[in-house]
Amino acid sequence: MLAATQPLNILVSAGEASGDMYAAGLVRELQRRHPQAAFFGCAGPELRTAGVEAVVRSESLSVVGLVEVIHHIPRIYGEFRKLKVAARRRKPDLAILADSPDFHLRLAAYLKKLGIPVLYLVAPQVWAWRKGRIRTIRRNVDRLACIFPFEEKFFRNHQVPADYIGHPLTRVVKTSLSKSDFCEKFGIPRDRRLIALLPGSRAGEIARHLAPLAEAVDLLRREEDIAFVLATPSGFSAKFGNAFFKDRLGDLPIQVVEGWTRDVIGHAEIALAASGTVTVETAILGTPMVTFYKVSGLSWALGRALVDVPFLSMVNLVAGRRVIVELIQTDCSGRALADEALRLLRDPVAREQMKQDLANVAGALAGEHDPMERAADIAEQLLNS
């Protein structure tokens with residue numbers, strides 16, 4: 001147990017945008033409780049804004065696909081070594097690791113050898129694939145904070161100390177502007193139906209998804225008077241240039257809006273959303289959607305053989321049945337996306353039923369208490385054990 005006058009020294013590591021966001025929320029709650037605490041580790045923009053010293057920038061770890069990651073292994077291992085050195089030198093009182101299990105379960109094993117307690121935020125999805133990791137988690141993770149309701153029971157049944165804290169997004173996801181102000185700000189006609197295009201957050205996955213989305217837009221505009229808005233993360237154009245979309249979308253009537261994803265979703269009639277965190281955000285905002293995803297053919301062949309779940313989208317997994325259509329890999333075509341979009345646009349009963357189903361999913365994701373307060377309580381227990 002720490003002396004009352006000793007400032008906390010906490011390692012925080014997040015490898016992806018969603019983990020960066022969740023970990024930043026936990027850091028802010030811990031800062032509220034311990035204003036003198038120092039935080040360092042692998043930090044993305046949210047954690048850096050929250051005051052975490054970036055020994056490693058999490059953007060350097062962000063790669064999707066089993067095959068795609070191979071080319072990046074030397075660089076990722078170099079970043080891993082930096083964190084190991086920092087942990088050994090600074091001897092933190094606690095480590096908070098968010099998501100990115102390929103990276104963080106290895107780091108957890110090293111931290112265990114140093115005697116540093118580990119709080120793992122956002123459980124690795126071993127209930128879906130690579131169940132052998134459960135032994136590693138049980139051995140090296142002191143507490144596991146789960147953000148999906150079915151995970152606590154699964155992990156506890158495997159002797160892992162797990163707690164369901166609720167999904168952090170249920171407390172923060174909302175629109176910033178009214179529909180009228182949003183349309184005025186971005187010059188979107190208010191009398192046209194709006195479809196949100198959500199191709200992902202990483203350049204690689206966005207590039208893979210633009211071809212089927214472009215084909216879908218070309219088909220849809222021939223059928224309905226629709227405004228198409230493609231949402232990207234803040235800073236995307238500065239990093240990859242305005243030509244990124246122009247070269248891939250040509251003259252299609254698609255407006256790219258950067259940094260306003262939740263407003264794009266919240267004010268759309270339907271969304272075409274890449275499978276991932278954004279589908280959870282879309283469910284919370286109550287916008288009917290079709291989800292899709294593509295990786296390289298080899299990554300798909302290897303990954304699909306290992307996955308053992310009835311659905312690939314978290315929305316359907318939480319619901320326990322198919323609420324949204326999943327167009328994955330070979331099913332992800334412009335024609336299929338357009339057909340499903342038209343079905344939702346033209347069937348108000350189907351749209352309303354999906355809205356009700358999404359509301360039920362959002363309700364299941366909302367815990368009884370603020371997720372970050374609950375996670376901070378667990379962190380406090382580890383610090384005082």
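Sequence positions, counted from 1, serve as the residue numbers for this chain. This structure is a prediction, so every number in the text was calculated from the model and none was measured.
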(request) Apply salt bridge (Lys or Arg N to Asp or Glu O under 4.0 Å) to the pair Arg192 and Glu224, showing each step before the final yes or no. (result) CA-CA 9 Å; Arg192 296 173 69 185; Glu224 300 279 347; over 6 Å; no
Would you say that [X] contacts [Y] through its side chain, given a criterion of any heavy-atom pair below 4.5 Å between the two side chains?
{"X": "Leu26", "Y": "Ile96", "value": "yes"}
{"X": "Leu105", "Y": "Asn140", "value": "no"}
{"X": "Leu83", "Y": "Leu107", "value": "yes"}
{"X": "Pro149", "Y": "Leu365", "value": "yes"}
{"X": "Leu230", "Y": "Leu210", "value": "yes"}
{"X": "Thr277", "Y": "Tyr22", "value": "yes"}
{"X": "Glu205", "Y": "Tyr293", "value": "yes"}
{"X": "Arg48", "Y": "Arg57", "value": "yes"}

Report, as yes or no, whether the 6.0 Å neighbourhood of atom [atom1] on [X] holds more than 12 heavy atoms from other residues, nucleotides or ligands.
{"X": "Arg322", "atom1": "CZ", "value": "no"}
{"X": "Arg171", "atom1": "CZ", "value": "yes"}
{"X": "Arg81", "atom1": "CZ", "value": "no"}
{"X": "Arg135", "atom1": "CZ", "value": "no"}

(message) Parallel, tilted or perpendicular, judged at 30° and 60°: which one describes the rings of Phe148 and His167?
(response)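 Answer is perpendicular, since the angle exceeds 60°.
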(request) Specify whether His104 and Tyr120 have parallel, tilted or perpendicular ring planes, treating 30° as the upper limit for parallel and 60° as the lower limit for perpendicular. (result)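 His104 and Tyr120: perpendicular rings.
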No-hydrogen, no-angle side-chain donor-acceptor test under 3.5 Å, [X] and [Y]:
{"X": "Gln381", "Y": "Asp377", "answer": "no"}
{"X": "Glu380", "Y": "His34", "answer": "yes"}
{"X": "Tyr110", "Y": "Arg88", "answer": "yes"}
{"X": "Glu326", "Y": "Thr291", "answer": "no"}

Membership question, hydrophobic clusters at under 4.5 Å side-chain separation (ILVMFWY): are [Y] and [X] in the same one?
{"X": "Ile254", "Y": "Ile195", "value": "yes"}
{"X": "Val264", "Y": "Leu169", "value": "no"}
{"X": "Val257", "Y": "Leu272", "value": "no"}
{"X": "Val229", "Y": "Leu197", "value": "no"}
{"X": "Met21", "Y": "Trp260", "value": "no"}

(request) From the options Phe236, Phe240, Phe228, select the one residue that forms a ring-ring contact (aromatic ring centres under 6.0 Å, His included) with Phe245. (result) Phe236
Determine whether a donor-acceptor pair (N or O, by modelled atom type, separation under 3.5 Å) exists between the side chain of [X] and the backbone of [Y].
{"X": "Arg106", "Y": "Asp102", "result": "yes"}
{"X": "Asp20", "Y": "Glu16", "result": "no"}
{"X": "Glu258", "Y": "Gly235", "result": "yes"}
{"X": "Gln159", "Y": "Asn157", "result": "yes"}
{"X": "Asp93", "Y": "Leu8", "result": "no"}
{"X": "His267", "Y": "Leu177", "result": "yes"}
{"X": "Asn316", "Y": "Phe311", "result": "no"}
{"X": "Arg133", "Y": "Val126", "result": "no"}

Nearest-0.5 Å distance, [atom1] of residue [X] to [atom2] of residue [Y]:
{"X": "Asp163", "Y": "Leu119", "atom1": "CG", "atom2": "CG", "result": "9.5 Å"}
{"X": "Leu358", "Y": "Thr279", "atom1": "CG", "atom2": "OG1", "result": "10.0 Å"}
{"X": "Leu220", "Y": "Leu345", "atom1": "CG", "atom2": "CG", "result": "7.0 Å"}
{"X": "Arg374", "Y": "Tyr164", "atom1": "CZ", "atom2": "OH", "result": "12.5 Å"}
{"X": "Arg351", "Y": "Lys355", "atom1": "CZ", "atom2": "NZ", "result": "6.5 Å"}
{"X": "Leu144", "Y": "Arg138", "atom1": "CG", "atom2": "CZ", "result": "12.0 Å"}

(request) Apply side-chain hydrogen bond (donor to acceptor under 3.5 Å, both in side chains) to Arg190 and Ser180, showing your working. (result) CA-CA 7 Å; Arg190 300 181 194 181; Ser180 176; 3.0 Å; yes
(request) Quick one: do Glu281 and Lys174 satisfy salt bridge (Lys or Arg N to Asp or Glu O under 4.0 Å)? Show the steps, please. (result) CA-CA 9 Å; Glu281 294 185 272; Lys174 58 185 177 181; over 6 Å; no
(message) Can you see whether Phe154 has Arg156 sitting over its ring - NZ or CZ less than 6.0 Å from the centre and within 45° of the normal?
(response)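 So Arg156 doesn't make the cation-pi contact.
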(request) Could you check Asp251 against Lys246 for salt bridge (Lys or Arg N to Asp or Glu O under 4.0 Å), going step by step and ending with a plain yes or no? (result) CA-CA 8 Å; Asp251 295 325; Lys246 182 65 176 177; 2.9 Å; yes
(request) Apply side-chain contact (heavy atoms from CB on, under 4.5 Å) to Phe40 and Ile10, showing your working. (result) CA-CA 7 Å; Phe40 70 95; Ile10 298 176; over 6 Å; no
